[in-house]
Amino acid sequence: MTGGLEMPFLNDLQLSWEEAWRLLIDGSQNRKSPLHTPTVATIRDNHTPSQRIMVLREADRDSRTLRFNTDYRASKVADIGHSDSVSILCYHPEAKVQLRLSGSGQIDQGSPACDAAWDEATLYGKRCYLAYPAPGSSVDTPTSGLDPEVEGRKPEGFEVAPARDNFAILLADIEQIEWLYLAHTGHRRALFSWDGGEKCWSSQWLVP
Ligand SMILES: Cc1cc2nc3c(=O)[nH]c(=O)nc-3n(C[C@H](O)[C@H](O)[C@H](O)COP(=O)(O)O)c2cc1C
């Protein structure tokens, strides 16, 4: 894709919003998309921002939700317990689109949706949640946190089953999408905001 007047969404807010969601949904399904690994920011209890890369597992336009998987013991989970504000940033160099999303995060560990996310995780993916002590713990020696018994090989299902206790999903309820499209003919920037009362998106062009 190249920047230019030929892009149908260039001067169209509705099409720009649709393109934003198309890129997010593709990012959740396509491991090669740069939107597969956005930056997710939370706010620590000391009010400082904290960012990390996460794999975008699901994007749903109708429910305005993005899903990520996380260890329940991770600091981002504690952050969301203090403040549910989240911000998600991604850039697709080929599409020339930056998306800056914001909304509220929710940690879910016991719902059917979390069970389904666990079921669809690979054995290697599930193994990450066996780490002990908890992710982010200070240790005296370099370690993966995994028992040497399961390190360096594909684990069996029964070996990763206990890791389910540490697994959670982060659901980000998106309330704002800031769209930036880079084009040599002139960039375009727009803000899409969810109106919870009217249950609809409002949109507004911004100066890039
Ligand atoms: C490519 C890539 C993908 C990652 N995917 C995830 C993920 O899906 N979930 C996750 O919790 N951490 C993921 N991480 C690790 C996080 O960036 C981070 O280091 C870790 O979750 C600890 O963050 P926290 O202490 O802020 O909770 C990923 C890192 C990289 C580099």
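Ligands are counted one by one from 1 in listed order, and the atoms in each one are counted from 1 as well.
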Can an N or O of [X] be found at a distance shorter than 3.5 Å from an N or O of ligand 1?
X: Ala74; value: no
X: Asp71; value: no
X: Thr37; value: no

Taking the six-membered ring for Trp, are the ring centroids of Tyr72 and Phe167 within less than 6.0 Å of each other?
-> no
Measure from [atom] to every heavy atom in [options] and give the option owning the shortest one.
atom: atom 3 (C) of ligand 1; options: Ile80, Ile169, Val55; result: Val55
atom: atom 9 (N) of ligand 1; options: Thr70, Asn69, Ile53; result: Asn69
atom: atom 26 (O) of ligand 1; options: Lys76, Arg52, Met54; result: Arg52

Atom 25 (O) of ligand 1 has as its nearest protein heavy atom Ser75 OG, 2.7 Å
Looking at Trp205, does the NZ or CZ of Arg189 lie under 6.0 angstrom from its six-membered ring centre and within 45 degrees of the ring axis?
-> no
Under 3.5 Å side-chain donor-acceptor pair for [X] and [Y]:
X: Arg44; Y: Ser75; answer: no
X: Ser50; Y: Arg52; answer: yes
X: Ser193; Y: Gln176; answer: yes

Minimum heavy-atom separation for Leu123 to Pro155, with atom names?
-> CD1-O, 3.3 Å
Determine if the distance from atom 19 (O) of ligand 1 to the closest protein heavy atom is below 4.0 Å.
-> no
